[in-house]
Structure formats: C-alpha cells, structure tokens
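A short worksheet on the structure shown next.
We count ligands from 1, going down the list as the structure has it; atoms in each ligand are counted the same way. Bear in mind that the values here come from a model prediction, so they are computed numbers and not experimental data.
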Amino acid sequence: MADSYWLAEPAPALRSRRLDGEPEVEIVGGGVTGCSCALALARAGVRVRLHEARTIAGGASGRNGGFALRGGAMPYHEARATLGSERARALWSLTERGLDEIRSLAGDAYRQTGSLRLASDAVERDELAAEFRALEQDGFAVAWLDELPPQLSGYVGGMRHFSDGALHPARWVRRLAEHAVDAGAELREGSRVESLADLRAPTVVIATDGYTQGLVPELDAVIRPIRNQVVTTEPLAELLFPFPHYARRGYDYWQQTPDRRLVVGGRRDADVTENTAEEALTPAIQARLESFVVELVGQLPEIAHRWAGIFGSSPDDRPLAGAVP
Ligand SMILES: Cc1cc2nc3c(=O)[nH]c(=O)nc-3n(C[C@H](O)[C@H](O)[C@H](O)COP(=O)(O)OP(=O)(O)OC[C@H]3O[C@@H](n4cnc5c(N)ncnc54)[C@H](O)[C@@H]3O)c2cc1C
C-alpha cells in the first residue's frame with residue numbers, strides 16, 4: 001500500500017475548538033513543529049490557530065522512521081568543531097530535554113529503547129569512535145560495542161545511545177495536537193494556506209519544513225527538500241531489531257515495531273532524483289530497500305506498506321528558526 005504504516009492507524013477525529021475572537025498567532029503546518037508551537041503558545045495564554053493542508057502529521061511527521069534521537073544533523077565531534085564545545089553541549093542537552101518532554105506527553109506512542117548507530121566499514125568506525133570519545137568526554141550516556149549480535153555481522157562496530165527512543169510518530173503528533181487543543185489552540189485540518197495575505201493574525205509561524213514551496217519565496221531559497229522512502233513488512237517471526245538502528249551515516253535506518261514488523265528506510269545516497277519535493281515512490285529506491293531487507297533478514301517478507309516523505313535540509317545542517325531571512 002502506497003501510504004505510511006503509521007498514518008494508516010485508525011485515529012479518532014481531532015476534537016474541534018473555535019477561538020473566541022481573532023487569533024494572535026497563526027501557524028501554517030500541522031506536523032511536530034507546528035503542533036509543538038501551538039501547544040507552547042496556547043499554554044502561555046496566546047490565542048493560536050493552526051492550519052494544516054492535509055491531516056495532522058500528514059507530512060514528514062507521520063511518514064518518518066520513528067527514531068527519537070538525541071543530537072543534531074551532524075555528529076557530535078563535528079558540532080564541537082563548528083559550533084564550539086559549549087554550544088554543542090548545550091544543543092545536545094537541549095535535545096535530551098526534548099526527549100524527556102516527548103516521553104512525558106506521548107504516552108504509548110513512545111518507547112524508551114535506546115538506539116544503535118553502526119559502522120559499516122573501517123572509515124565509518126573511526127568517525128564513530130571519534131564521536132563516541134567526544135560524547136563520553138562531555139558526560140553523555142553512550143556505550144561502545146565491538147561485539148555485535150549475528151544479525152549485525154555485516155557491521156564492524158557500534159555505539160549505543162541510551163537516552164534515545166522509538167516513536168509511533170503519527171500517534172505521537174496526533175497526541176501532541178490533542179494536548180494543544182486541550183490547552184486552548186484551534187487546529188484546522190484540510191486548511192491549506194494559499195497566501196499569507198489570507199491570514200489575519202499579526203504574527204505567523206511557518207512550520208511547513210520540506211513542504212514549504214511557493215508560500216514564502218525567501219524560504220524557497222534556503223530550504224532544500226529531500227525525499228526519503230520507507231517500507232514496512234508484515235510481522236516477522238523473530239524480534240531481531242527491537243530498537244532504532246542506523247548505519248552509513250544515517251543513509252540506512254531500520255527498527256522493528258512491537259508486533260515485529262520491520263520498518264526500513266533510506267538508501268537515497270548517490271541518487272540525485274531524491275532531491276525533490278515530489279512525494280512519490282521510485283522503482284530504483286524501492287528495489288534498493290527490498291535488497292536491504294534481504295540483507296537484514298535473509299529473505300524478502302511481504303511488504304505491507306511503502307511510502308515517501310519530504311524533509312527540509314538547511315544550508316549548514318543547523319535548525320532554521322527565527323525571523324524569515
Ligand atoms: C521518510 C522520512 C524518515 C525520517 N525519519 C526520521 C526519524 O526517524 N527521526 C527523526 O527525528 N526525523 C526523521 N525524519 C525527519 C522528520 O520527519 C522531520 O524533520 C519532521 O517530521 C519535520 O516536522 P515538521 O512539523 O517541521 O514538518 P512536517 O511534518 O513535514 O509538517 C509540515 C506540514 O505543513 C503542511 N503544509 C505545507 N504547506 C502548507 C500550507 N500552505 N498550508 C497548510 N499546511 C501546509 C504539510 O501538509 C505538512 O503536514 C524523517 C523524514 C522522512 C521524510
């Protein structure tokens with residue numbers, strides 16, 4: 001089925017709420033960013049209205065791999081080199097607190113499993129070892145693994161991150177949306193903002209990430225959309241990968257759900273056609289993902305769901321937040 005396994009979970013309709021009076025802030029985009037923003041503003045007593053073109057979590061937030069990871073887009077030792085030690089440590093600590101907050105809000109959409117980052121060759125092993133040393137020096141909980149279980153015999157080392165977790169991402173963001181409604185926010189699904197001139201609030205938050213195209217020309221110049229494709233199998237006989245695993249600098253990622261389905265994504269490297277905002281499957285990436293499933297479990301189980309999602313990449317790999325440039 002060409003849609004997200006996570007979004008296929010039946011969900012009750014979002015409770016509706018209408019604001020009394022005009023909104024002070026309008027948010028465009030109902031993914032994890034927009035819903036978090038709506039919750040924070042509503043809790044602070046701000047009259048906030050959110051517009052989502054599809055359904056809550058209908059973008060990347062309901063189409064991802066379900067990895068809840070500490071840290072930023074770049075490895076920690078590189079972040080120390082580019083941001084400086086103090087800022088890198090502060091950023092990583094901030095993301096740990098973010099994980100704590102997810103745990104407190106997500107209920108059964110989050111499992112505190114830890115994650116495993118793997119090295120596929122000696123070069124990646126050296127990079128990983130450098131990151132491990134930097135994290136350990138700065139007091140972050142990590143463990144180095146030379147010995148790997150038989151199902152990971154193709155890898156040459158790994159690092160466990162204990163503070164990470166596994167999400168059912170659509171369930172999580174829908175829950176976040178419910179918290180925002182409870183706090184007083186108005187969330188409108190099926191509400192595409194065609195032009196910022198159509199909005200009434202004096203302040204507008206753009207939370208459209210990789211789906212931003214055309215709304216704010218200044219952002220088109222800095223957000224590069226990247227497509228990622230994912231497949232999910234029917235439940236496997238064994239639970240071999242009970243927490244998020246990722247390798248080849250994140251280009252391969254996989255985990256099993258509690259009912260033993262294997263969720264596998266990535267394999268987009270060396271394929272420039274994935275630098276696109278078109279949310280479509282391609283035979284080339286799908287074939288690579290199927291081969292990877294065979295590498296992991298020795299045969300090709302039935303694929304139950306296939307989907308694509310778009311995320312946004314910034315020029316320097318740092319979060320893009322603040323006033324429109
Ligand atoms: C396949 C894939 C796997 C990934 N795996 C992981 C992972 O395992 N862990 C992780 O942390 N990150 C992962 N990511 C990245 C992560 O999903 C995104 O960083 C995150 O979901 C972005 O959230 P967001 O709310 O900013 O954007 P989105 O969730 O994309 O939300 C943007 C929303 O804006 C809406 N929108 C756009 N234009 C308009 C408009 N004009 N009017 C109204 N609404 C509009 C869209 O419909 C969309 O719902 C992955 C991404 C993909 C695509």
**Asked** Hey, are Glu22 and Arg47 close enough for a salt bridge, meaning a charged N less than 4.0 Å from a carboxylate O?
**Response** no

**Request:** With heavy atoms only and a cut-off of under 4.0 Å, state how Cys35 meets ligand 1: side chain, backbone, both or neither.
**Result:** neither

**Message:** As a quick check of understanding, evaluate ring-ring contact (aromatic ring centres under 6.0 Å, His included) for Tyr76 and Phe140, giving each step before the final call.
**Reply:** CA-CA 10 Å; Tyr76 186 62; Phe140 291 107; 5.5 Å; yes

**Prompt:** Given Pro244, Ala207, Pro225, Ala53, which one has a non-hydrogen atom that is nearest to atom 32 (C) of ligand 1?
**Reply:** Ala207

**Prompt:** Among Leu320, Asp209, Leu215, which one has a heavy atom closest to atom 19 (O) of ligand 1?
**Reply:** Asp209

**Request:** Go through the structure and list residues passing side-chain hydrogen bond (donor to acceptor under 3.5 Å, both in side chains) with Thr212, not counting sequence neighbours.
**Result:** Thr208

**Prompt:** Do the two ring centres, one from Tyr110 and one from Trp172, sit under 6.0 Å apart?
**Reply:** no

**Asked** Do any non-hydrogen protein atoms sit less than 4.0 Å from atom 12 (N) of ligand 1?
**Response** no

**Message:** On the six-membered ring of Phe292, is Arg267 placed so that its NZ or CZ lies under 6.0 angstrom from the centre and within 45° of the ring axis?
**Reply:** yes

**Prompt:** For ligand 1, is there an atom lying under 4.0 Å from some heavy atom of Gly265?
**Reply:** no

**Asked** Sequence neighbours excluded, which residues qualify as salt bridge (charged side-chain N to carboxylate O under 4.0 Å, His left out) partners of Glu279?
**Response** Arg54, Arg63

**Nearest-contact summary for atom 41 (N) of ligand 1 - protein heavy atom, Å** = Val193 O, 2.9 Å

**Those atoms of ligand 1 less than 4.0 Å from some heavy atom in Gly309** = 53 (C)

